[in-house]
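Computed from a prediction, not measured in an experiment: that's the story for all the values here. When a ligand or atom number is given, it counts from 1 through the structure's own listing order.
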Amino acid sequence: KKSVAEFKFCEGIMKELWKKQHNSIAYPFYNPVDPVALEIPDYFKIIKKPMDMSEIQRKLNHNEYNNSNEFEADIRLMFNNCYKFNPPNSPVYDCGKQLEAVFDDKWSQ
Ligand SMILES: Cc1ccc(Nc2c(-c3ccc(O)cc3)nc3c(C)cccn23)cc1
């Protein structure tokens, strides 16, 4: 059951992830992966369900999450896409691990 409190909790987490102080680890997640701009034409062959912070924010703003579990699922999808595509310990993979740690800290509060 979706509650106002759940919604506000999710909003607060997105507010944290968008903070300028996290820019150096959040930048790969701000917008949809652009395979042309990034010169990774095989991205959509590997990643079947793209997800990013802008889309998560849009879904939140348009009441498209029925509960916080659906919100968390998109957050985890975004990070797992990153770990699937980017080699372990590569710069963007490490950004994902660091930003997911920020998320986990807030999510568990
Ligand atoms: C050749 C190459 C290798 C790795 C990347 N990764 C990457 C990604 C990315 C984010 C999420 C994701 O699920 C997949 C990729 N975002 C970027 C950005 C914004 C700048 C530079 C690299 N970036 C790009 C090109």
Residue contacts for ligand 1, heavy atom to ligand atom, distance under 4.0 Å: Tyr27, Pro28, Val33, Leu38, Ile40, Tyr43, Asn81, Cys82, Phe85, Asn86, Val92

Side chain to side chain contact (heavy atoms under 4.5 Å, CB included) partners for Arg58, two or more places apart: Glu55, His62, Glu64

Geometric cation-pi criterion, Lys106 with Phe9: 6.0 Å, 45°: no

Aromatic plane relationship, Trp18 with Tyr30 - under 30° parallel, 30 to 60° tilted, over 60° perpendicular: parallel

Test item: Tyr43 side-chain N/O and Pro50 main-chain N/O as donor-acceptor pair under 3.5 Å: no

Residues Gln98 and His22: side-chain donor-acceptor under 3.5 angstrom: no

Check: Asn81 side chain, Lys49 main-chain N or O, donor-acceptor pair, under 3.5 Å: yes

